[in-house]
Every structure is written in C-alpha cells, then in structure tokens.
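Only one structure is covered here, and it is reproduced in the block below.
Proteins get letters first, then strands, A, B, ... in listed order; numbering begins at 1 in each. Just so you know, these numbers use all the heavy atoms, side chains as well, and skip hydrogens, waters and symmetry mates.
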Protein chains: 2
Amino acid sequence: MARRPAGLTANREDILLAAADVLQRRGYAATTMKEIAAAANLTAGTLYHYFANKDALVLAVLEMGLEAGIARVEPIAGDASRPALERLRDMMAAHILGLTEQPAIGAAMVFEIRALLYASDDGEAEDDADVQEFLVRRQEFFGRRDDFERLFRQVVQQAIADGSLRPIDAGLYVKTLLGAQNWVGVWYRPEGRLTGGEIAARMVDLLIEGVRP
Amino acid sequence: MARRPAGLTANREDILLAAADVLQRRGYAATTMKEIAAAANLTAGTLYHYFANKDALVLAVLEMGLEAGIARVEPIAGDASRPALERLRDMMAAHILGLTEQPAIGAAMVFEIRALLYASDDGEAEDDADVQEFLVRRQEFFGRRDDFERLFRQVVQQAIADGSLRPIDAGLYVKTLLGAQNWVGVWYRPEGRLTGGEIAARMVDLLIEGVRP
DNA sequence: CTCATAATCAAATCCGGATTTGATTATTCC
DNA sequence: GGAATAATCAAATCCGGATTTGATTATGAG
C-alpha cells in the first residue's frame, strides 16, 4: 500500500483513540500491542510505523488525553471577564463532563501515570536515542500536568483574593478537587444512575459550597 | 533450611510489605518478581513458596491494604454512642492518615485495581484450580471494597437523617470523598509541606463544610 | 505511465520475566 | 540424634509479547 498523506494524521489519531480504549479497559500491563492493533484494524507490526515502541505509544495516548483536558479548561480559566468563582465552577464541570464523555482517556490518566513514571529508569546510563527522546517527552508531559493543576490553583487563588472563597489552602484544595474529579473517570459508567452532566453539577456543588465565605 | 513455624506468618507479611513498597514505586507492569524478592531479601523462586503466582501475590497485597483501611475505619463507623457527623470526620481523618503512613499500600489501592480487574479474564473457560481460586478471591476483594465504601455511605446517611448534614446525594458524596482521599496516597510525600495529620485535618474541613445544613 | 514513498502485512526473531526443578540447609518435634 | 518438613537457592525452562524483517500494495507527484 502506498502513501496516504491526507489520512496520515487521522490514522495516527485513530490508533491513539483505539489504544486509549484498550488501555482503559485492560490496564497497561494486560494491554498487548496486538490488542491495540486489532482495535485499530491493524497488525502489531504496523504500529511501529507510527510509534517507536509501546511506551511511546502509551505516552502519546496520555498526552492526547491531557491536552484534551487542558483545552477544555484553559479557555475558561483565562476568561478575565468573568468572576473567578464562576470560572472555577465551569472549569470543574467541564473537566468532569470531559471525563465522562471520554472515559478511556480519563481513566488512563489516573491509572497509567505510574507505569510511565519509572519506565526506562533502570539506573545505568541509557544512550539510545529513542530512550532519550522518550525521557524528554515524559518530562514535558509531567510539566503539562503541572500546568493543568496550576490553572485550577490560580483561579482558586483569584477567588480567594476577591473574597468569593474563604481563605483556604489553595494547593491542598486543588488536589482535593482533582482527586475527586479524576476519580469520576474510574467509576463512571454510561449506563449508571446519573448522567455526566448530573454528576458534574452535583459534584461542583459538593466541592464548592464548603469553601465559600 | 527447615521449618520456621513461629516466623511463617511474619515472613509472609514481610513479603507483602516489601511487595507493596515496590509496587507503589514501580507500578504493576514494571515490578518484577525478582525485584520483590530482592526487597524481601529472597530470590524469585522462593516467592512461589508463599504465592501461586504474581497475580496472587499482588492480590494479597491489595487485600492486606484494604483490610488495614477497613480496620481503621470500621470501629469508628460502628460506634453508635457518637454522633454520625463526628464519626464521619474521624473516619475520614483516620483513612487519610493511614494513607500517608502506609503510602505503599494506599497507592497500590488506587493504581493496581485495574490490572487486577481483567487479569485472567481471557474469555475461554479456565479450569485451572489456581485460576479458579484467584477469581473467587478477586471477587471477594471487590466485595470488601464495596463494604468499605458502604461504611462511609451509611454514616453519611445517618448524618443526613439526624439533620447534621444537608440532604445531599449520599452515594455521589461518598465517591467524591473517596476520590479525594485516595488521591492523597498518590501525591503525598513524607518530605512534603504538610504532615499527614495536617492534610487529614484540612481536607476533612474542605470536604465537610460544604455539606452541613 | 513510472517512480518514490507511505502503509501494511505475515512471519521470524528476541528477550526478559514468570515459573519450575532439583538440590541443600535449618528447625522443630520426639 | 534422626525423621519430617519448611525455607531457600541457583540454574534451567518456558513462553508470550515486543520488536524486527522482508516483502507487497496503493497512491500521489511529475
């Protein structure tokens, strides 16, 4: 088969979506390249046309999920025309809703970070180019994760500054928020009692009422 | 070497503690039997004297962690002589503190459940005795996890009933609590800004103030 | 149409990590 | 002390899953 420039980007993304789904269902350890390939209607070998190895593929999945999350939340956070508290509510709801709409990505975010955390960290100086690049990208990934957390923290601090939230420990509060929110990606089931929107609305209420002045 | 009846139970537990530590640091996929063995001052083969295979070992680690968590929280939940809201606060604080004191176990609870969820679920009828027993024990494990969640839910419902909490969605609130709390086991570092006790106290405040009448 | 390259596949290779095997050494119990 | 068994280990085996290899095919470019 030959070139397919038009579809190239699309294909890569198809693989990532398929991989995210498998990863979410089976977990990193149980997920095999063959399974991912099957989910994307490919054979295992072909995956190596797109990714250097399994870790690189998984990292790409996580990057995609994280960027999707940031894309949802960042515009809201940065809209200086709105009150901080209002923005915070919307950011939370948007993130929770995102997790319910793309549970694959969301749960991968919670479950697979650890697998990545120490991958390829086997002491000894690795000189392999692939490995080097992987380590850099992993570092960037964690940086982006911090960015995500920072978006929330800043808005919380603004809300505290303008008096719409009581003077709480912003850092701890944000970790509390993220823990509760990310957990949704773990237990949420489309066929469950509540819709994503209901969960988002109620959870925002539960988490915010307690910190108003 | 020969019998060591007196130390047998102790040794098994030593292995579990060592394994919990490795698992927490490296994650399921990256953790090798050799690493666990090394952490317990053994060789890999010896682990099979105590556990049928890696999955059984990991499951045992999780069982230990879960039971420890239940043991902390259950007595508080069941103390009918105290007001429900007070009990809830204590349960939360106890659980959070537990997670900071035994981060290995705590994080394993969050990270490795998925790995277990689908282990050995490769369709086809498995008839192996080990596999059968594993599946049963895994089922029991999830049952115990539900028990843990139920402890919180019941106390929350009692607090709602006696008017010390406003009428919220108890199920969702408990999931919110557990998400926020379990997440502590992921990010907590002994050398961090706050002690386990401080985290527990502040987080209880953040999570409970919002649901009072 | 022809060339270069992308996208694929089937099959082979490789390798690490789980598990097994066959001794060997302590302990406990009588 | 001697028997029985627990606890271990070093080394061998096994196997699945990641990765590689060597074609093969389909398009886009000119």
Side-chain angles (χ1 to χ4, degrees), chain A residues 1-16 18-19 22-23 26-61 115-116 118-124 126 128-131 134, chain B residues 1-16 18-19 22-23 26-60 115 118-124 126 128-131 134:
Chain A
M1 306 151 188
R3 209 190 287 187
R4 194 199 307 181
L8 189 154
T9 310
N11 265 333
R12 191 187 151 93
E13 185 148 346
D14 287 347
I15 294 175
L16 291 181
V22 179
L23 242 17
R26 317 265 305 168
Y28 178 91
T31 297
T32 150
M33 292 298 267
K34 202 195 281 185
E35 269 182 307
I36 293 176
N41 292 312
L42 292 174
T43 54
T46 302
L47 294 178
Y48 291 83
H49 250 289
Y50 296 89
F51 307 94
N53 53 45
K54 184 178 174 183
D55 280 343
L57 200 175
V58 172
L59 178 53
V61 170
L116 220 60
Y118 287 90
S120 320
D121 260 5
D122 306 21
E124 309 318 303
E126 290 283 0
D128 192 309
D130 281 347
V131 174
F134 175 81
Chain B
M1 304 151 189
R3 207 189 290 187
R4 196 199 303 180
L8 188 154
T9 309
N11 266 332
R12 190 186 153 94
E13 186 149 345
D14 287 347
I15 294 175
L16 289 181
V22 179
L23 242 18
R26 317 267 303 170
Y28 178 91
T31 297
T32 151
M33 292 297 268
K34 202 197 279 187
E35 269 182 307
I36 293 176
N41 291 313
L42 293 173
T43 54
T46 302
L47 294 178
Y48 291 82
H49 251 289
Y50 295 89
F51 306 94
N53 53 46
K54 185 179 173 182
D55 280 344
L57 199 175
V58 173
L59 178 54
Y118 286 89
S120 323
D121 260 5
D122 305 21
E124 309 318 304
E126 289 282 0
D128 192 306
D130 280 347
V131 174
F134 175 81

To the nearest angstrom, how far is A:Asn53 atom CG from D:dT19 atom P?
5 Å
Kindly give the heavy-atom pair with the smallest separation between A:Leu16 and A:Phe51, and that separation in Å.
CD2-CZ, 3.6 Å
Provide the closest heavy-atom pair for B:Leu57 versus B:Ala19 in the form atom of the first, atom of the second, distance.
CD2-CB, 3.6 Å
Write down the atom of B:Asn53, the atom of B:Tyr48, and the distance for their closest heavy-atom approach.
CA-CE2, 3.9 Å
Grab the two heavy atoms, one from B:Thr31 and one from B:Glu35, that are nearest each other, plus how far apart they are.
CA-OE1, 3.5 Å
Spacing between B:Leu57 atom CG and C:dT19 atom C1', to the nearest angstrom:
13 Å
Rounded distance (Å) that lies between atom P of C:dG17 and atom CZ of B:Phe51:
21 Å
Return the value, rounded to whole Å, for the distance between atom NZ of A:Lys54 and atom P of C:dG16.
16 Å
What's the OH-P distance between B:Tyr28 and C:dA18, to the nearest Å?
8 Å
Which ones in residues 40-48 of chain A lie close to DNA chain C, meaning a heavy atom under 4.0 Å from one of its atoms?
A:Asn41, A:Leu42, A:Thr43, A:Thr46
Rounded to whole angstroms, how far apart are CE on B:Met33 and P on D:dC15?
18 Å
Determine: side-chain N/O of A:Thr32 to OP1/OP2 of D:dA18, distance under 4.0 Å, yes or no.
yes
Write down the atom of A:Arg12, the atom of A:Tyr50, and the distance for their closest heavy-atom approach.
NH1-O, 3.3 Å
At under 4.0 Å, does any side-chain N or O of B:Lys34 touch on OP1 or OP2 of C:dG17?
no
Measure the distance from CZ on A:Arg12 to P on C:dA7 and round it to the nearest whole Å.
11 Å
Could you give the CG-to-P distance, from A:Asn11 to D:dT27, as a whole number of Å?
12 Å
Can you name the nearest heavy-atom pair linking B:Ala29 to A:Tyr28, along with the distance?
CB-CD2, 3.3 Å
